[in-house]
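Residue numbers start from 1 in every chain, and the chains themselves are labelled A, B, ... in the order their sequence lines are given, proteins ahead of strands. Any value given below was found using the heavy atoms of this structure, including those in side chains, with hydrogens, waters and symmetry copies removed.
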Amino acid sequence: MQQRLLNVLTRRSLVAHEGASELSEENAVVAQNVGKIYGTGAAAFTALGDISIAIRKGEFFTLLGPSGCGKTTLLRCIAGFETPTSGAILLGGRDITGVPPNQRPVNTVFQSYALFPHLTVAENVGFGLKMQGKSKAEIDAAVERVLALVKLEPFATRLPAQLSGGQQQRVALARALAPEPEVLLLDEPLSALDLKLRKAMQVELKRLQTETGITFIFVTHDQEEALTMSDRIGVMSAGALLQVGSPHEIYEKPVNRFVADFIGETNFIEGEASAAGVEIAPGVVLPVTGHGGPVTLAVRPEQVRIEEPGAGLEAEVKEAVYMGTDTHYTLALAGGPQVVARVQSSAGPEPRVGDKVGVTIDAQSVQVLSE
Amino acid sequence: MNGPGRSKAANGWLLSAPALLLLLIAASGPLLIVAVYSFLEKGDYSGVRWILSGEAWFRVLFERDIFDGTVSLADANLSIFWRSVKLSLATTLITFALGLPTAWFIATRPPKARAVWLFLITIPFWTNLLIRTFAIMEVIRNQGLLNTFLINMGVISEPIQILYTDTAVLIGMAYVYLPLMVLPLFAAIDRFDFKLIEAGYDLYATRWRILRSVVLPIIKPGIVAGCILVFVPSLGAYVTPRVLGGGKNMMIGNFIELQFGQGQNWPLGAALSMVLLIIVMGALLVYTRVSDRDDPHA
């Protein structure tokens, strides 16, 4: 992906005179080789190392990664709160690397909401428009419209402290949406909400994004959140962008062990690849095409199926954990590694701990990973 | 059996009795004496004669010609009131202008450095006010540090007369009361959520607008506290105007002292004290009114 992007960038500079630039037409935000290093010398810390990414107009894009992976730093570079040490940030084809935040048509929903405590909900929402010098009539109309969008009209005259966490969250959203930015940046906005509210807000956010058509760049460490909401996901680790793709691609075809491990649950099986397949235990060969030599296979728990004894690989049930809709079985393959299988509860026989069972793995779904 | 409730209330009164008694004797009592004295006739040399009289209150604002008995406004008194209010307001403004960046600087330091800076701010409190005021005098007098330095640098050829002017009083009061402004401002800024500055900056506000529309309204309680803590003692300041202002640049505090000392007019001194009290209360009342009106949700 990075390589492809670089090719696109190079081509763009070559064909710039033709006018119709692919980048400025289709992409809301482009990061070109963005690097961010804090400190100097021995104390230097690389927060971002050479990130290149193109985020399309009207897309719900998620930057996903564990804390400290640089996703928030990248977001802050786009917002303008941080200046990249190297590289450039383009907004709608225009280089905005050195432009201060108050001159970027980009708004942020902060993790802590950062609502102005001395202003009412309506004043908070109208703040951006007021600073832009809009007339009172314009501001009032926009505030009313946006408050209706987030269903907060009855709370217009309240102070933030008089609202619940979920309502404050919606005010923060409304405040960032009111000036109709080209891009909305969301920095882990749902992390302070409880599970039920978070689920509701996920749906709400997706709806808002569809209704407004604004490009959303969403930062989260919650892979489930990323999978349910995003059009595309960029997985980050240690200041690097590992993979960019649709939730489907990221989940089904992780490029490396980190992505496979971070997104959902995965069984990793070490093996030796040969012409016949990958040997995961003496005499146990999975019909997967590998490159030869030691490889790691990634198998999703739902792709491991439990059969009658005798069918497929021989295994023993070591542990059975009932999770409500699913039951997780830890299975020890004969002479080989342990794998976890996720089986829908009350679908067929329910093996007990100690039972001998057969295990089949759909070869099509197995990913052969590079480290 | 409503005994326990009653005895609890009685206990409450009993427990707070020492504090109430102290308050009555040490604060309300003297104030009452001052109020009563202001309505009595002055004694022959000092003290009061127990005859009800409005003369002292009359003398606060007016004077009677010794020869023909015509009544006119007491310009001397009025100019002293005006100078006191003017110098106190100026002191409050100067300490605010200096104190805000100082408090901001301290509040944005790492915790360890912050403790050191706060310590440095409070060090002057360890020394007697009079000594500190003489130190200021040493700096600004004609042969003092400032003038010597400026002359040696060739900036001026003659020393600037700062001592015994209103400027000297202002410098002294600003120096003395600056910590009283910095500390409440620091406390307010310390609680301030700096994310709000980013939020404002993100929402198209300039730095100046962020200061005006976000920072100042939110730290307003600290500003009000600092202004009151500086304005009130400035208005009643005695030592600083006495030492740095010389004999002629009196403030209310010196004027009151004059009535109880050389002037031998205790009722007038008492009435002037009451006037000072009224000015302070009036100022506070105006401030609460104004700040209530600013805040639509109060």
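For the pair A:Asn107 (side chain) and B:Asp202 (backbone), a donor-acceptor distance under 3.5 Å is present.
For A:Arg175, the parts sitting under 4.5 Å from any heavy atom of chain B are the backbone and the side chain alike. With a 4.5 Å cut-off on non-hydrogen atoms, A:Leu185 does not touch chain B at all. With a threshold of 4.5 angstrom between heavy atoms, A:Arg76 approaches chain B through side-chain atoms but not through N, CA, C or O. If you measure heavy-atom distances from A:Phe81 to chain B, the contacts under 4.5 Å come from the side chain alone. For chain B, the nearby parts of A:Thr108 are the backbone and the side chain; heavy atoms of each come within less than 4.5 Å.
Salt bridge absent: A:Glu123 and A:Lys130 never bring a charged side-chain N and a carboxylate O closer than 4.0 Å. A salt bridge does not link A:Asp231 with A:Arg56: none of the charged nitrogens is closer than 4.0 Å to a carboxylate oxygen.
Remark: aromatic rings of B:Phe186 and B:Trp117 are distant, center separation not under 6.0 Å.
Taking chain B as the reference chain and counting heavy-atom pairs below 4.5 Å, the highest number among A:Ala114, A:Pro181, A:Gly80 is found for A:Ala114.
Within 6.0 Å of the CD atom in A:Glu182, the count of heavy atoms belonging to other residues, nucleotides or ligands exceeds 12.
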